[in-house]
There are 2 protein chains.
Amino acid sequence: MTVKPDKREEIISAALELFAEQGFHGAPMALIAERAGVGAGTIYRYFENRDVLIRELYQELEETITPFILEGYSEAAPFRARFLHLGTRLLRFFIEYPLRFRYLEQFHNSPYGIAHRRDKMLGDEGRCNVFRELFDQGAAQQVLKDLPLAILFNLAFGPLVAVARDHVLNFITLDEPMIVKTIEACWDAVKR
Amino acid sequence: MTVKPDKREEIISAALELFAEQGFHGAPMALIAERAGVGAGTIYRYFENRDVLIRELYQELEETITPFILEGYSEAAPFRARFLHLGTRLLRFFIEYPLRFRYLEQFHNSPYGIAHRRDKMLGDEGRCNVFRELFDQGAAQQVLKDLPLAILFNLAFGPLVAVARDHVLNFITLDEPMIVKTIEACWDAVKR
DNA sequence: AGTAAAAGAATGAACGTTCATTCCGTTTGA
DNA sequence: TCAAACGGAATGAACGTTCATTCTTTTACT
């Protein structure tokens, strides 16, 4: 017998592909099952229902981001350098894992994402503590513009996500220098 | 007899509300009909099918934007002033017409929007000629960073849309000075 | 003007399809 | 041999669309 073909993993991965490529609409459970090489009923042994599958997939993806962007990160580096590091890493993550990026996008622009966002806001401490910490510190040191945190976030991440989307959809092609220049431009937007 | 209650208009407006508030998912034709005060079959006298309704609604909304942001616009003003004018007007449009904004968002983040975008790209001249012209000119005069047009667009509009979304979803509250500061920050991102 | 006929608009019940979920017979592994 | 895991047909709910029928407006005729 070959290595156990972990069914849960197969399902997650099939769901990621299909949701990312076709949207939530274009990915009925039967198709996910087929792509995962699994009976339709089997999915329900691992996920209570469709919604749970969608949300658990989101959780798993979100958790892969932080370790990725933190690679090579130094708390000791100057503020600007840290900003640029996290920004470029994040953009590279999106580009390197286009399916995950597309999925995260789908999720965020859906009732799931909005509910999720609202919950996160209420539980005052947002996730992505890395960014949160960085921005808090930047505000304290007055290296960032005097704007609400939420707006600073959007100034930094809005373009980043937009650019990643255009790249992933093949509307533009980002190379390494362009990534850096883009993040530097984001820095110009937030720096005082 | 009261004024004729133009059915097409009723349908368009009910569809806008429902799609904006509930997403494409949460707005079955029967509900749109009910909200419009119209029989289910009547919708099909005005729109060939659901897809056509969704696309025609988009067209109508898109066409209301340009006149709005052009109000008070002077071709003669300095470049930076023109950028700030268009940016703040656009952000104000989103805030003033939250349903339209939500709908446009839904549309863009759906297969409709992506197809639409691709078409626009192929027909090389993008819409929003106002912005296109401005940015072309800015690139020529070297007041903008040396980056592809598409990236400059995203640097300017990415945060704008993100901030509008957060406002419309009540995650933040934008007042007039904050709008201006936000657009000025976008300017810092694109200016050379 | 008044009325009958024709045209056009509107309706909503019914249809066919799609899809998430369930159910039950079969397989697998201990 | 038994229980857990699995598969996929069956089920029922939801939905877009159709169409026979009803209601409203316009036209034609005396």
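Below, read A as the first sequence line, B as the second, and so on, with proteins coming before strands; counting in each chain starts at 1.
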Task: d(CZ, A:Phe24; P, C:dA20) in whole Å - done: 12 Å
- [ ] Might you point out which heavy atoms bring B:Tyr46 and B:Ile11 nearest each other, and give the distance in Å?
- [x] CD1-CD1, 3.9 Å
- [ ] Determine the minimum heavy-atom distance between B:Ile179 and B:Ile95, stating which atoms define it.
- [x] CD1-CD1, 3.9 Å
Open item on the list: On DNA chain D, compare the nucleotides closest to B:Tyr44 and A:Arg45; which residue's is nearer the 5' end?
Closed with: A:Arg45
TODO: Remember a base hit wins even if backbone is also touched, and classify A:Arg50 as base, sugar-phosphate or nothing at under 4.0 Å, heavy atoms.
DONE: sugar-phosphate
TODO: Give one of base, sugar-phosphate or nothing for B:Tyr46, where a contact means two heavy atoms less than 4.0 Å apart.
DONE: sugar-phosphate
TODO: Give the stems involving DNA chain C, where a stem is 3 or more consecutive Watson-Crick or G-U wobble pairs (i with j, i+1 with j-1, and so on) under 3.5 Å.
DONE: C:1-30 with D:1-30
Task: Of the listed nucleotides D:dG7, D:dA9, D:dT17, the one nearest the side chain of B:Met29 - done: D:dT17
Open item on the list: Distance check needed: D:dA4 P versus A:Arg8 CZ, whole Å only.
Closed with: 21 Å
TODO: Mind calculating the distance between CZ (A:Phe47) and P (C:dT22) to the nearest angstrom?
DONE: 16 Å
Task: Flag side-chain contact, heavy atom, 4.5 Å: A:Ile69 against A:Thr88 - done: no
- [ ] Could you check how far CD1 of A:Ile32 sits from P of D:dG7, rounded to whole Å?
- [x] 15 Å
- [ ] Decide if the gap between the ring center of B:Phe93 and the ring center of B:Tyr97 is smaller than 6.0 angstrom.
- [x] yes
Open item on the list: Among D:dT18, D:dG7, C:dA10, which nucleotide has an atom closest to any side-chain atom of A:Lys7?
Closed with: D:dG7
Open item on the list: I want to check something: taking the side chain as every heavy atom from C-beta on, are B:Phe47 and B:Ile54 in contact at a cut-off of under 4.5 Å?
Closed with: no
TODO: Between D:dC15, D:dT17, C:dA20, spot the one nearest the side chain of B:Pro28, thanks.
DONE: D:dC15
TODO: Decide if the gap between the ring center of A:His108 and the ring center of A:His116 is smaller than 6.0 angstrom.
DONE: no
Open item on the list: From CG of A:Leu53 over to C1' of C:dC19, roughly how many Å is that when rounded to an integer?
Closed with: 15 Å
